[in-house]
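Position 1 is the first residue of the sequence; numbering continues from there. Counting starts at 1 for both ligands and their atoms, following the listed order. Heavy-atom basis, side chains included; hydrogens, waters and symmetry copies ignored.
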Amino acid sequence: MSEQEFDVAVVGAGFAGMYLLHRLRRLGFNARVIEAGSDVGGTWYWNRYPGARVDIESMQYSYQFDDDLQQEWRWTERYSPQPEILKYARHVAERYDLRRDIQFDTRVAAAVYDASSARWTLEAEDGSKITTRFFVMATGCLSKPNWPQIEGMDSFAGPTYHTALWPHENVDFTGKRVAVIGTGSSAIQSIPVIAEDAAEVFVFQRTPNYAIPAHNAPLDKKYEKKVKDRYADFRAEAKQTPPGIHGRFRQGGALEVTSAERKAEYERRWANGGLSFMGAYGDLMFDQDANDTAAGFVRDKIREIVDDPDVAELLCPTNIIGGKRLCVDTNYFATYNRDHVHLIDVKERPIEAITPDGVRAHGKNYQVDALIFATGFDAMTGALTAVDIRGKGDALLRDRWADGPSSYLGLAMADFPNLFTVTGPGSPSVFTNMLPTIEQHVDWIADCLAYMKDHNYTAIEATPDAEAAWWEHVQDSVADGLKATTNSWYLGANVAGKARVFMPYYGGFPNYCRKCEEVVADDYEGFAFA
Ligand code: NAP
């Protein structure tokens, strides 16, 4: 980073950082975005593993701040593949001339607040520094890769990949023996594609996952036109649903209908495909018996698809459906019918070691040519605690969050003045369509900075009381339902030693937006200005 002074420094040039830069420029702020990667795109820059694609429909997974942009851009598939989303991000960067204010290939290592000047100094890994009045972490919820702790981790002699750090050049598995560790969304998307080329695929599964078919297809032109003819209304309707996604969310209970009606509803949703499966009944995440009906339906589908009954049973999840993020797949379960795809259950007997030529489990060394970790992320907090963020009184965010994060609205933290997080812990973020959620956060932050400019304020900080009250509300939002009963990355349960605290806000997008609006209407209630 060059030794310059800015009004606002934004870390991350994904969809959040790009839109924030655009908004800040229009408000007359001198802003700089700092990005570790070599290009824009954030999650879509890094997660370029075979089969990577979005699990929200393309017509909804896009910006809406500029009607010309949303009218002109043409998606080609119902669920966009990663290369097309990256192309879209690049198009946005060109269209709004964003790159001239983005510094690529620069990873921020530390940020220190100076109370006397009310400014932050950011230091990159290369030692360069910038100072800034405001500092925004737009680093995403799922951006710090999680590496498991397995004996011999570094001993494998062949190429090792992580789905979240996939190389930019083409990786050819033709004729290769490949091990995949993990069976989350990234594995479920990539395994069928890898199996197309590989000679042998060994999948090491600790916990099976529920997956609903994507039924991906070329985007229906009539549907595209129908949406574009009323895009603003379509977007507004989506924002009225708990996840901020346009779709059919039924209110009634699963057990209020006959089993035949219920099965017909699940069949319709299975045939339609995607995450809307969980919208079948309003109580699926609140009533164990209701949840059992949906979970049992998917397990029966797995048993229908997978030829070998033993393999099918191994692939059947036993936890509740929807406790972990539901997966959306293309040919995942059917891939296990291929003779060269092998499922190794490591639930009761974990992987023993990574060896120079493979993976050892159940006393056997599975020899492979390539090793893939599809082991997910240090979610929600990982990218924030990876930076030495020091606020007032030298408070270190990483230490502050040692027992779990806490935040006011997922936007700001007490003792960290002039620091904002986009879709931080305590916001609905990962329970919603990330693009509109990002826009809502960015608009809130940009409007707040404009307000401060108008009022000649130089510092803003969440009050400890407001933060504590909001965090209690975040915890209350999951207290009644089944959501927090599963060991998931929402709870930090996937990372060894991480505090188990439920991190996203489960109260729904509309309630969250209303609260943010009320805070503003009440002269930024819960924030102190200086
Ligand atoms: P993930 O859901 O956290 O899955 C990680 C997998 O690695 C799990 O199956 C986990 O098993 C396994 N694992 C970790 N350590 C292991 C070990 N020592 N031995 C064996 N297995 C181990 O990560 P992800 O698949 O990257 O997905 C994370 C999130 O990213 C998703 O939930 C979703 O929100 C998002 N995502 C979305 C899409 C999409 O469809 N657009 C695609 C990819 C990712 P356990 O479950 O037993 O811990």
Side-chain angles (χ1 to χ4, degrees), residues 42-44 46-58 60-61 77-82 84-85 140-153 161-166 179-191 193 202-214 216 243 273-275 315 317-319 322-330 332 343-354 359-361 371-380 382 423 429-435 486-496 498 503-504:
T43 198
W44 302 104
W46 299 102
N47 290 265
R48 46 178 77 213
Y49 57 82
R53 75 175 63 243
V54 67
D55 59 4
I56 307 279
E57 293 192 6
S58 314
Q60 303 201 49
Y61 193 80
E77 297 181 46
R78 180 182 180 192
Y79 295 102
S80 304
Q82 174 270 335
E84 190 164 301
I85 305 172
C141 299
L142 296 160
S143 45
K144 181 157 185 258
N146 176 43
W147 294 92
Q149 297 173 357
I150 303 176
E151 190 189 313
M153 271 299 281
Y161 306 99
H162 193 297
T163 43
L165 292 171
W166 204 260
V180 181
I181 297 177
T183 48
S185 296
S186 302
I188 282 175
Q189 287 190 328
S190 58
I191 287 165
V193 183
F202 299 95
V203 179
F204 293 85
Q205 172 187 274
R206 192 162 65 184
T207 314
N209 262 307
Y210 294 94
I212 307 296
N216 187 42
L275 296 176
L315 289 167
T318 51
N319 48 344
K324 290 187 177 196
R325 167 87 171 200
L326 193 62
C327 303
V328 177
D329 79 293
T330 300
Y332 176 64
L343 184 66
I344 297 116
D345 175 26
V346 291
K347 176 105 190 143
E348 302 305 330
R349 297 168 66 194
I351 293 170
E352 289 153 19
I354 304 298
V359 179
R360 196 171 70 230
L371 179 54
I372 299 172
F373 288 92
T375 45
F377 303 87
D378 181 353
M380 312 289 303
T423 64
S429 60
V430 291
F431 290 143
T432 62
N433 179 2
M434 286 303 284
L435 262 287
T486 305
N487 282 331
S488 66
W489 55 253
Y490 303 132
L491 258 177
N494 65 324
V495 175
K498 187 165 175 174
M503 296 180 283

Item to complete: Could you find the nearest protein heavy atom to atom 4 (O) of ligand 1 and give me its residue, atom name and distance?
Response: Gly184 CA, 3.5 Å
Item to complete: Mind checking the OG1-OH spacing from Thr330 to Tyr79? Nearest 0.5 Å is all I need.
Response: 9.0 Å
Worksheet item: Does ligand 1 have any atom sitting under 4.0 Å from a heavy atom of Lys324?
Response: yes
Practice prompt. Could you check atom 36 (N) of ligand 1 against the protein and tell me its nearest heavy-atom contact, residue, atom and distance included?
Written response: Ser185 CB, 3.8 Å
Response to the item:
Here the atoms of ligand 1 under 4.0 Å from any heavy atom belonging to Pro148 are 15 (N), 18 (N)
Item to complete: Classify the contact between Val54 and ligand 1 as side chain, backbone, both or neither, using a heavy-atom distance cut-off of under 4.0 Å.
Response: backbone
Practice prompt. Could you tell me whether Arg325 and Asp55 have a side-chain N and a carboxylate O separated by less than 4.0 Å?
Written response: yes
Practice prompt. Check Gln205 against ligand 1 and report side chain, backbone, both or neither, counting heavy atoms closer than 4.0 Å.
Written response: neither
Worksheet entry | 4.0 Å heavy-atom contact, Leu142 with ligand 1 | yes
Worksheet item: Is there at least one pair of N or O atoms, one from Asp55 and one from ligand 1, spaced under 3.5 Å apart?
Response: yes
Discussion item. Just by distance, no angles: are the side chains of Ser429 and Thr423 close enough, under 3.5 Å, to form a donor-acceptor pair?
Written reply: no
Discussion item. Regarding ligand 1, does Trp489 bring an N or O atom to under 3.5 Å of one of the ligand's N or O atoms?
Written reply: yes
Fill in: Heavy-atom donor-acceptor pair, Arg53 side chain to Gln82 backbone, under 3.5 Å
no
Worksheet item: Nearest to atom 42 (C) of ligand 1, what protein heavy atom do you find, and at what distance?
Response: Tyr49 OH, 3.1 Å
Item to complete: Would you mind checking which non-hydrogen protein atom is closest to atom 40 (O) of ligand 1, with the distance to 0.1 Å?
Response: Gln189 NE2, 3.1 Å
Discussion item. To check your reading of the model: name the closest protein heavy atom to atom 41 (N) of ligand 1, its residue, and the distance in Å.
Written reply: Arg53 O, 2.9 Å
Discussion item. On a heavy-atom basis, I'd like to know which of Ser186, Gly182, Gly51, Ala164 is closest to atom 26 (O) of ligand 1.
Written reply: Ser186
Discussion item. For a quick test of reading the model, state the closest non-hydrogen atom pair linking Cys141 to Met434 and the distance between them.
Written reply: SG-CE, 3.8 Å
Worksheet item: What do the steps show when you test Phe431 against Tyr490 for ring-ring contact (aromatic ring centres under 6.0 Å, His included), and what is the final call?
Response: CA-CA 10 Å; Phe431 290 143; Tyr490 303 132; 4.7 Å; yes
Discussion item. Aromatic contact between Trp489 and Phe377, with the criterion being ring centroids under 6.0 Å apart: yes or no?
Written reply: no
Worksheet item: Do Asn216 and Glu77 meet the criterion of a side-chain donor-acceptor pair at a distance under 3.5 Å?
Response: yes
Worksheet item: Which of the listed options, Ala374, Ala52, Gly376, Ser488, holds the heavy atom that is closest to atom 6 (C) of ligand 1?
Response: Ala374
Worksheet item: Tell me: protein heavy atom nearest atom 10 (C) of ligand 1, and distance?
Response: Arg206 NH2, 4.3 Å
Practice prompt. Considering only non-hydrogen protein atoms, determine which one is nearest to atom 45 (P) of ligand 1 and report residue, atom name and distance to 0.1 Å.
Written response: Thr207 OG1, 3.4 Å
Worksheet entry | Between OG1 on residue Thr183 and CD1 on residue Ile191, distance to nearest 0.5 Å | 7.0 Å
Item to complete: I would like to know whether Gln189 and Asp329 meet side chain to side chain contact (heavy atoms under 4.5 Å, CB included); could you show each step before the answer?
Response: CA-CA 6 Å; Gln189 287 190 328; Asp329 79 293; over 6 Å; no
Fill in: Donor-acceptor contact present, side-chain Asn319 to main-chain Thr486, <3.5 Å
no
Discussion item. Between ligand 1 and Ile181, can you find any atom pair, the residue atom being a heavy atom, that is separated by under 4.0 Å?
Written reply: yes
Item to complete: Please test Tyr161 against Val180 for side chain to side chain contact (heavy atoms under 4.5 Å, CB included), starting from the C-alpha separation and ending with a verdict.
Response: CA-CA 9 Å; Tyr161 306 99; Val180 181; over 6 Å; no
Discussion item. Return the closest protein heavy atom for atom 8 (C) of ligand 1 as residue, atom name and distance.
Written reply: Thr183 N, 3.9 Å
Worksheet entry | For Arg325, the ligand 1 atoms whose distance to one of its heavy atoms is below 4.0 Å | 32 (O), 33 (C), 34 (O)
Worksheet item: Between Gln149 and ligand 1, which residue portion shows a heavy-atom distance shorter than 4.0 Å: side chain, backbone, both, or neither?
Response: neither
Worksheet, complete the sentence: CE of Met503 to NZ of Lys498, rounded to nearest 0.5 Å, is 4.0 Å
Fill in: Mode of Tyr61 contact toward ligand 1 - side chain, backbone, both, neither (heavy atoms, under 4.0 Å)
neither
